[in-house]
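Order of appearance sets the numbers: ligands from 1, and atoms from 1 within every ligand. What you see is a predicted model; the values in this text were computed from it and never measured.
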Amino acid sequence: MSFQEELLLLLRARYPVIYIATLEEERVEQAIAACTKPLNNRSVYVWDFVDGYQGNPNDAGVARRNPLQALEHIEKLPESVAALFVLRDYHRFLEDVAISRKLRNLARRLKSQAKNILLLAPQVQIPDDLAETVTVLEFALPGVEDIHAEVTRLLSSLNVQLSPSDLDALVQSCQGLSIERIRRVLARGIAAHGTFRPDDIDLVLEEKRQTIRQTQILDFYPAKEQISEIGGLDNLKDWLLRRGNSFSEKARQYGLPYPRGLLLVGIQGTGKSLTAKAIAHHWHLPLLRLDVGRLFAGLIGESESRTRQMVQLSEALAPCILWIDEIDKAFAGVDGRGDSGTSSRVFGTFITWMAEKTSPVFVVATANNIQSLPPELLRRGRFDEIFFVGLPTQEERKAIYEVHLSRLRAHNLQSYDLDRLAYETPNFSGAEIEQAIVEAMHIGFSQDRDFTTEDILEAASQIVPLARTAQEQVDALQAWAASGKARLASRSSLSDRLKQRMGPD
Ligand SMILES: Nc1ncnc2c1ncn2[C@@H]1O[C@H](COP(=O)(O)OP(=O)(O)OP(=O)(O)O)[C@@H](O)[C@H]1O
């Protein structure tokens, strides 16, 4: 259902107070105006703090600088007057007790009248006492058709001609931006060299990065890591390499569905985040990292609104990788404990999207703790595959040493005894191996010489691997993996791993 259809439905059903979250005031007001026609040309009153009421000469300037009076004015109008009252930036006044009370009283009264109050705000920010009075409606970013129309209009008014393929690329790149930002960024390109050139698309991408940064929930993550930089995890790497071209047009013509996502479960430091970055690099897709902490910070209703915003933005940027680090922490409270059910509602929105999504947003979620993950997340149809990323085996440790040492000391890799290093550091994760190497480098550097195998072993002897301090967590994860609920990221079997765990210590 489009925004306009949804709004019309709410207006007809006499929802008295509708809260519209948008950064695009102008476009949303156009959409509201378009809704008045099917409502017998209902009049629209627009109020803002600085100018008071606008739009009707009789009321011009009423309730200027007085948000409470703005509501009283609605109350004073005769019952027979049918109207929409658009109150801009009104989220700023909702915490005021007089305003909140007045709004609730008014809402009750307006249910029997053809009057609706529309609150416009950049984000959802509703105090608890109004949660039941207000209905939230999200105003989506412009779709491809809207963008196409706007870009064509702008370019033709500026007498700029683009080939159909450049125009297509420009429209694609503008997805995820508001119309206002699209206008601004095109104007910037044109101001710089009098016309819009295909390589100005970079400006659009930069603008997009900024928008994403401003949302504070998603981050554009630069991904330079290669799949070859992951030591071990051969099953997982094969899975990824097999899907290398699955976002291409050729794959669509072949009839392949888009891959949906991966859940990587395992203890800290085993290369899960590294894998997320390497996927983005290998598939040449932008990597968006979700900041789960930010998702849940703030007032009631905000988290849900942010989740929808995240979905909207990632779909607007598709094809892309959406990386959700530590998803277990995000949804640990799904049973509704302690946060008035917010995480359950956010989880509900997320899981429905995961199950129904048809857009090429590939979700890579990572988790350390299987116990706190809601079982629905593990059900078939959410992710394409769930991989258990265990501690590296001896052979895998050797591969990890090789990855890091060949990056740091490509010229004399042969001087390191990789077999010995791998053998003498049982239970070490990839991150701990890296830590030992860095520490060895400090030893070597402080003595003005290169670091050696001995230095790495010396450094390693000072590290207590997490596997030992968090034995319980490791065992629980191994047991879960052994129950067949996940595929092994690594090629060695679990029994091989267990035998190795008994090895030298
Ligand atoms: N299999 C591996 N191959 C090469 N390097 C690895 C591997 N595993 C871990 N590392 C090194 O350890 C660093 C940290 O690993 P990473 O952040 O990917 O672990 P993680 O499993 O995501 O841990 P966390 O759960 O703490 O986020 C990586 O940047 C990489 O340098």
Atom 10 (N) of ligand 1: which protein heavy atom is closest, and how many Å away?
-> Gly430 C, 3.7 Å
Is the shortest side-chain N to carboxylate O distance from Arg407 to Glu229 below 4.0 Å?
-> no
When distances are taken from atom 11 (C) of ligand 1, the protein heavy atom at minimum range is Glu434 OE1, 3.6 Å
May I ask you to check if Arg243 and Tyr258 form a cation-pi contact, with NZ or CZ under 6.0 angstrom from the six-membered ring centre and within 45° of the axis?
-> no
Is there at least one pair of N or O atoms, one from Gly271 and one from ligand 1, spaced under 3.5 Å apart?
-> yes
May I ask you to check whether Phe93 and Tyr90 place their ring centres under 6.0 Å from each other?
-> yes
Short list, please: which atoms of ligand 1 are under 4.0 Å from a heavy atom of Gly269?
-> 8 (N), 9 (C), 19 (O), 20 (P), 21 (O), 23 (O), 24 (P), 26 (O)
Could you check if a side-chain atom of Trp353 sits within less than 4.5 angstrom of a side-chain atom of Ser314, using non-hydrogen atoms only?
-> yes
Is the closest N or O pair between Thr270 and ligand 1 shorter than 3.5 Å?
-> yes
Scan for side chain to side chain donor-acceptor pair (under 3.5 Å) pairs involving residues 278-293, sequence neighbours excluded, and state none if there are none.
-> Arg289-Asp325
If you compare Lys272, Glu229, Gln435, Glu396 by their heavy atoms, the one closest to atom 21 (O) of ligand 1 turns out to be Lys272
Residue pairs passing the side chain to side chain donor-acceptor pair (under 3.5 Å) test with at least one member in residues 431-445, sequence neighbours excluded, are Ser429-Glu432
Do you know the tightest heavy-atom contact between Ala476 and Gln371?
-> CB-NE2, 3.9 Å
For atom 12 (O) of ligand 1, what's the nearest protein heavy atom and its distance?
-> Ala431 CA, 3.2 Å
Counting heavy atoms only, which of Leu236, Thr275, Leu264, Asn368 comes nearest to atom 25 (O) of ligand 1?
-> Asn368
Closest to atom 7 (C) of ligand 1 (judged by heavy-atom distance), picking from Ile267, Leu274, Val265, Ile230 | Leu274
For atom 27 (O) of ligand 1, grab the closest protein heavy atom and report residue, atom and distance to one decimal in Å.
-> Ser273 OG, 3.4 Å
May I ask you to list the atoms of ligand 1 that are less than 4.0 angstrom from any heavy atom of Gly231?
-> 1 (N), 2 (C), 3 (N), 4 (C)
Contact between His404 and ligand 1, counting heavy atoms under 4.0 Å?
-> yes
Polar contact flag, side-chain donor to acceptor under 3.5 angstrom, Asp129-Ser100 | yes
